Enquirer: 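The structure is given below, and queries will be raised subsequently.
Atom set for the values below is all heavy atoms of this structure, side chains included, hydrogens, waters and symmetry mates excluded. Keep in mind that this is a model prediction, so the values were computed, not measured.
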Amino acid sequence: MAWGRKKSGGRKEPLFGLPAALAELRLSPEDRIPAATDDDKPKKPVPKRKHDDDEDEPPRERKPRAARSGAKRRSKRRFRIGRLVYWGAVLGLWATIAIIGIVVWVGAHLPAIQSLEIPKRPPTIQIVGIDGSVLASRGEAPGANVALKDLPPYLPKAFIAIEDRRFYSHYGIDPVGIARAAVANILHRGVSQGGSTLTQQLAKNLFLTQERTIARKLQEVELALWLERKHSKNQILELYLNRVYFGSGAYGVEAAAQRYFGKPAKNVTVAEAAMLAGLVKSPSRLAPNRNPEGAEARAQIVLAAMAEAKFISDAQAKASIGHPSYNVKPAGAGTINYVADWIGEVLDDLVGQIDQSIVVETTIDPKLQSVAEAAIIDELAAKSVKFHVTQGALVAMTPDGAVRAMVGGRNYAESQYNRAVTAKRQPGSAFKPFIYLTAIEGGLSPETIRQDAPLDLKGWRPENYTHEYFGSVTLTQALAMSLNTVAVRLGLEVGPKNVVRTAHRLGISSKLEANPSIALGTSEVSVIELVGAYAPFANGGLGVSPHVVTKIRTNEGKVLYRRTADPLGQVIGPRHVAMMNTMMQETLLSGTARKAEIPGWMAAGKTGTSQDFRDAWFIGYTANLVTGVWLGNDDNSPTKKATGGGLPVEVWTRFMRSAHQGVPVAGLPNAQRGGFLSNMFQTASQVSAQPPQSAPVPSGGYRPAPARTSAPPPNPNARPEAAAGLDGWLVDRLFGR
């Protein structure tokens with residue numbers, strides 16, 4: 001049996017201690033710990049691992065599958081949140097770097113911080129007449145600064161209501177307003193609202209241009225923040241009201257109120273305040289002097305905004321809408337602007353760079369300026385088509401050179417070109433007094449005899465206007481009748497270079513060609529310099545410089561410039577002045593300017609007509625005024641036979657008669673009516689053979705015109721006869737046959 005048991009059961013080793021105590025221990029399913037689940041179904045037994053030899057070894061406990069999957073989901077969720085936080089931080093960091101970079105870039109393109117100060121208002125140039133009245137203004141800011149406390153409360157509130165309702169609650173930039181504007185623009189598919197605050201608009205007006213770019217907008221934002229840090233809200237609002245543009249050249253509420261309503265800003269009504277606030281959106285389009293209907297419609301929108309913001313009552317808004325009190329003051333565009341432009345050109349020479357507002361006191365007489373303007377415009381309106389004349393100019397000055405009136409064209413709004421100062425045209429016979437003065441200074445007299453006969457200068461044959469010749473005539477007759485052949489002979493006799501010197505001495509500054517044709521006024525001059533060169537005949541021989549500015553001062557009264565007397569001195573001897581005045585009187589008494597008459601006054605002058613009737617002139621003077629008139633075309637095209645004795649004389653007479661009303665009568669220096677007696681001024685240079693039929697001067701002062709003679713055709717092979725006198729001898733010696 002022993003063998004049998006051994007063979008079937010095998011040998012068992014004895015166990016001692018703890019293993020012996022645990023050998024017989026067995027666990028039933030009831031003894032196991034239940035799984036952490038709500039399901040009460042019995043769990044499948046966990047299979048034993050292959051290497052387990054002892055079935056009595058306690059099994060390893062395993063976690064439930066559901067618990068492991070929940071933890072896994074929580075882990076993934078934490079991972080995603082972590083990645084979002086990480087990339088959000090990265091993107092935020094890069095966005096911060098980008099913003100800092102943009103701010104630095106924009107700041108680098110701004111002016112240096114030390115130069116970021118509120119700029120001064122652009123200087124105003126106020127031009128006043130001899131009576132102290134304001135003639136014109138120049139500059140971008142003609143209005144004075146006004147304090148916020150001096151304005152009616154509803155005026156600044158009108159701007160806040162329509163432009164920046166949250167002005168007092170933001171710090172230069174209004175995110176709410178920007179978002180509202182963006183939504184409105186998206187809904188309207190275009191720019192219907194702006195998000196700029198008043199501070200941003202001020203920054204743009206003070207420091208930036210009007211270009212619509214992102215860079216400019218960013219600069220505007222930075223400058224708005226700077227302004228808010230440096231200045232209080234009321235200071236910013238006051239600056240804004242004094243700098244914003246209102247159209248028609250008006251900057252600031254004071255200038256706009258004066259321009260559109262003829263009153264200071266402190267006196268504007270609620271309706272007028274609404275109109276001013278409405279102009280800011282589009283000043284050029286809504287300016288009431290150009291678009292009164294649009295300006296009023298915009299003002300009604302402003303009034304509604306003011307009522308909505310409780311700045312005014314609904315009753316006030318309705319009353320203002322129903323009864324607008326707009327009295328638009330039109331901006332002048334008269335010929336006085338030619339004077340203002342001329343003054344602007346000379347200011348730099350008188351006071352240098354202008355960095356403050358100034359008042360320019362002038363010699364202009366507003367009444368005479370109006371008369372001159374009317375004379376030019378009315379004459380051209382009546383006869384420009386008939387004579388094909390489109391433009392005119394007039395300059396009137398006292399004998400000492402003070403300009404009393406200037407017209408540079410018929411319509412300043414259409415053309416700002418100043419034909420009185422800038423344009424240079426051929427003066428024609430109006431240049432002849434310088435020829436005759438040179439001859440008289442050389443020893444001739446008004447009674448000197450010269451031949452009016454055909455002349456041939458190497459193929460050039462100057463002719464008289466009427467193509468008629470009068471034979472032997474005095475210099476007085478030749479000048480009064482504007483005989484071309486006598487003028488050419490005199491020019492050759494005295495020498496063209498001497499004629500040029502005489503003209504320059506009297507005030508002509510243009511370049512003159514010293515050739516025989518200068519006697520007929522072929523070198524171009526301006527109206528003002530020709531009138532100035534006639535002034536010595538009216539003042540006794542003193543040289544003058546035409547001028548219009550007498551004093552320049554600041555608004556506070558500091559004198560920057562004061563005109564002193566001209567140091568030119570005597571340019572014509574008194575005796576020669578008397579001779580020339582006597583000769584040029586005959587032009588008005590019996591010559592080409594017989595229509596020019598001023599009752600009670602002694603006057604003298606000279607007409608001029610250039611080749612092909614391109615220019616028509618008359619320069620005439622009394623002891624009170626020297627006035628020159630030019631009529632013609634800008635393109636130098638010929639007129640329809642407009643002569644100096646026609647339209648220019650008519651304009652001159654109308655102006656001078658009005659200018660001399662109520663002025664005490666005075667005679668020309670040393671002039672004698674009717675000329676000098678021939679036996680008093682004969683000189684050795686005169687020819688001895690004088691025509692016996694030369695009639696003496698009647699006591700009344702009117703010399704009869706010499707009898708016309710038909711000139712025989714000149715014989716080119718014949719030498720000048722001795723009877724031709726000095727003229728024939730001179731031409732023969734200078735030009736030969």
Enquirer: Are side-chain heavy atoms of K383 and E650 found at a separation under 4.5 Å?
Expert: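 In contact.
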
Enquirer: Using the rule ring-ring contact (aromatic ring centres under 6.0 Å, His included), only one of F655, W652, Y534 pairs with F618; which is it?
Expert: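 So the option named by the test is W652.
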
Enquirer: What I'd like to find out is whether the side chain of T607 reaches to under 4.5 Å of the side chain of T643, using heavy atoms alone.
Expert: no

Enquirer: Please determine if D131 and K367 form a salt bridge, counting it only when a charged side-chain N lies under 4.0 Å from a carboxylate O.
Expert: no

Enquirer: Could you tell me the separation between the CE atom of M481 and the OG1 atom of T466, rounded to the nearest 0.5 Å?
Expert: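 So the CE of M481 and the OG1 of T466 are separated by 7.0 Å.
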
Enquirer: Which pair of non-hydrogen atoms, one from G247 and one from Y260, has the smallest distance, and what is that distance?
Expert: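 Shortest heavy-atom separation between G247 and Y260 comes out as O-OH, 3.0 Å.
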
Enquirer: If we only count heavy atoms from C-beta on, is the K511 to E524 side-chain gap below 4.5 Å?
Expert: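 No, their side chains stay 4.5 Å or more apart.
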
Enquirer: So, the side chain of D378 versus the backbone of A375: is there a donor-acceptor pair under 3.5 Å, distance only?
Expert: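 Here the side-chain-to-backbone pair does not exist.
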
Enquirer: Could you tell me whether E441 and R501 have a side-chain N and a carboxylate O separated by less than 4.0 Å?
Expert: no

Enquirer: So, using ring pair (Phe, Tyr, Trp, His ring centres under 6.0 Å) as the criterion, who are the partners of F434 when residues are at least two apart?
Expert: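 With sequence neighbours excluded, F434 shows a ring pair (Phe, Tyr, Trp, His ring centres under 6.0 Å) to F431, given in chain and number order.
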
Enquirer: Mark yes or no for whether R410, through its side chain, and T390, through its backbone, hold a donor-acceptor pair below 3.5 Å.
Expert: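 Here the side-chain-to-backbone pair exists.
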
Enquirer: Between S510 and K424, is a side chain to side chain contact (heavy atoms under 4.5 Å, CB included) present by the stated rule, with each step listed?
Expert: CA-CA 9 Å; S510 297; K424 293 188 177 183; 2.9 Å; yes

Enquirer: How close do P669 and G540 get, heavy atom to heavy atom, and via which atoms?
Expert: CG-N, 3.5 Å

Enquirer: So does R654 get a backbone contact from the side chain of R657, meaning a donor-acceptor N/O pair under 3.5 Å?
Expert: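 No.
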
Enquirer: Backbone N or O of G392 within a donor-acceptor pair of the R419 side chain at under 3.5 Å?
Expert: no

Enquirer: Is there a donor-acceptor pair closer than 3.5 Å between any side-chain N or O of D456 and the backbone N or O of R461?
Expert: no

Enquirer: Which heavy-atom pair separates P427 from G521 by the least distance, and what is that distance?
Expert: CD-O, 3.2 Å

Enquirer: Does the side chain of N636 come within less than 4.5 Å of D615's, by heavy atoms?
Expert: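 Of all side-chain heavy-atom pairs linking N636 with D615, at least one is under 4.5 Å.
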
Enquirer: Run the side chain to side chain contact (heavy atoms under 4.5 Å, CB included) check on L479 and E586 step by step: do they pass?
Expert: CA-CA 8 Å; L479 182 60; E586 285 296 328; over 6 Å; no

Enquirer: Mind telling me whether W601 and H660 have parallel, tilted or perpendicular rings, with 30° and 60° as the class edges?
Expert: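 Rings of H660 and W601: perpendicular, as their planes differ by over 60°.
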
Enquirer: Side-chain contact, heavy-atom cut-off 4.5 Å: F387 with L631?
Expert: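 The answer is no, as the side chains (C-beta and beyond) never meet within the 4.5 Å cut-off.
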
Enquirer: Nearest 0.5 Å please: distance from the CG atom of L444 over to the CD1 atom of I449.
Expert: 11.0 Å

Enquirer: Using only atom types and a distance under 3.5 Å, with no angle test, would you say the side chain of T363 pairs donor to acceptor with the backbone of V403?
Expert: yes

Enquirer: Looking at CE of M602 and CG of L588, how far apart are the two atoms once the value is rounded to the nearest 0.5 Å?
Expert: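 With rounding to 0.5 Å, CE (M602) is 11.5 Å from CG (L588).
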
Enquirer: Treating T362 as the side-chain partner and V128 as the backbone partner, does any N or O pair qualify as donor plus acceptor under 3.5 Å?
Expert: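 Confirmed, T362 side chain pairs with V128 backbone.
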
Enquirer: Run the numbers on Q477 and F470 for side chain to side chain contact (heavy atoms under 4.5 Å, CB included), then give the verdict.
Expert: CA-CA 10 Å; Q477 292 172 326; F470 299 92; over 6 Å; no

Enquirer: What's the spacing between D612 CG and Q426 CD if we round to 0.5 Å?
Expert: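 With rounding to 0.5 Å, CG (D612) is 9.5 Å from CD (Q426).
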
Enquirer: Determine whether the side chains of K641 and T609 contain a donor N or O and an acceptor N or O closer than 3.5 Å.
Expert: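 Distance-only check fails for K641 and T609.
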
Enquirer: Whether the T622 and N624 side chains hold a donor-acceptor pair (N or O, under 3.5 Å, no angle test) is what I'd like checked.
Expert: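 Absent: no donor and acceptor within the cut-off.
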
Enquirer: How far apart are the closest heavy atoms of A439 and V494, and which atoms are they?
Expert: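 Looking at all heavy atoms of both residues, the closest pair is CA-CG1, 3.6 Å.
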
Enquirer: By ring pair (Phe, Tyr, Trp, His ring centres under 6.0 Å), which residues pair with Y338, not counting sequence neighbours?
Expert: Y412

Enquirer: Find out whether S429 and K606 are in side-chain contact, i.e. whether some heavy atom of one side chain is under 4.5 Å from a heavy atom of the other.
Expert: yes

Enquirer: Is the backbone N or O of E468 less than 3.5 Å from a side-chain atom of N464, with the two atoms forming a donor-acceptor pair by type?
Expert: yes

Enquirer: May I have the step-by-step check of side chain to side chain contact (heavy atoms under 4.5 Å, CB included) for L483 and R450, ending in yes or no?
Expert: CA-CA 11 Å; L483 301 179; R450 286 294 180 265; over 6 Å; no

Enquirer: Taking all heavy atoms of V339 and all of I364, pick out the closest pair and write down the distance.
Expert: CG1-CG1, 3.8 Å

Enquirer: Can you tell me how far CG of L135 sits from CD1 of I127, rounded to the nearest 0.5 angstrom?
Expert: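 That separation rounds to 7.5 Å.
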
Enquirer: Please determine if E361 and K551 form a salt bridge, counting it only when a charged side-chain N lies under 4.0 Å from a carboxylate O.
Expert: yes

Enquirer: I'd like to know if the side chain of S370 reaches the main chain of P366, judged simply by a donor and an acceptor atom lying under 3.5 Å from each other, with no hydrogens or angles considered.
Expert: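 The answer is yes, because a donor-acceptor pair under 3.5 Å joins these two groups.
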
Enquirer: Side chains of T522 and E513: closer than 4.5 Å at any heavy-atom pair?
Expert: no

Enquirer: Please answer whether the main-chain N or O of P399 pairs with a side-chain N or O of N539 as donor and acceptor at a distance below 3.5 Å.
Expert: yes

Enquirer: Quick check: closest heavy atoms across I435 and I518, and the distance to 0.1 Å?
Expert: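 Smallest interatomic distance, heavy atoms only, reads CD1-O, 4.4 Å.
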
Enquirer: Hey, could you give me the CE/OG1 distance between M584 and T476, rounded to the nearest 0.5 Å?
Expert: 11.0 Å

Enquirer: Start with the C-alpha distance between T592 and S482, add both sets of side-chain angles, then the distance that settles side chain to side chain donor-acceptor pair (under 3.5 Å), and finish with yes or no.
Expert: CA-CA 7 Å; T592 57; S482 196; 5.6 Å; no

Enquirer: I'd like to check N633 versus R614 (side-chain heavy atoms, cut-off strictly below 4.5 Å). Are they in contact?
Expert: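 No, their side chains stay 4.5 Å or more apart.
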
Enquirer: Decide, yes or no, whether a salt bridge links D341 with R138 under the criterion of side-chain N to carboxylate O below 4.0 Å.
Expert: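 R138 and D341: salt-bridged.
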
Enquirer: Do other residues, nucleotides or ligands put more than 12 heavy atoms under 6.0 Å from the CD atom of Q570?
Expert: yes

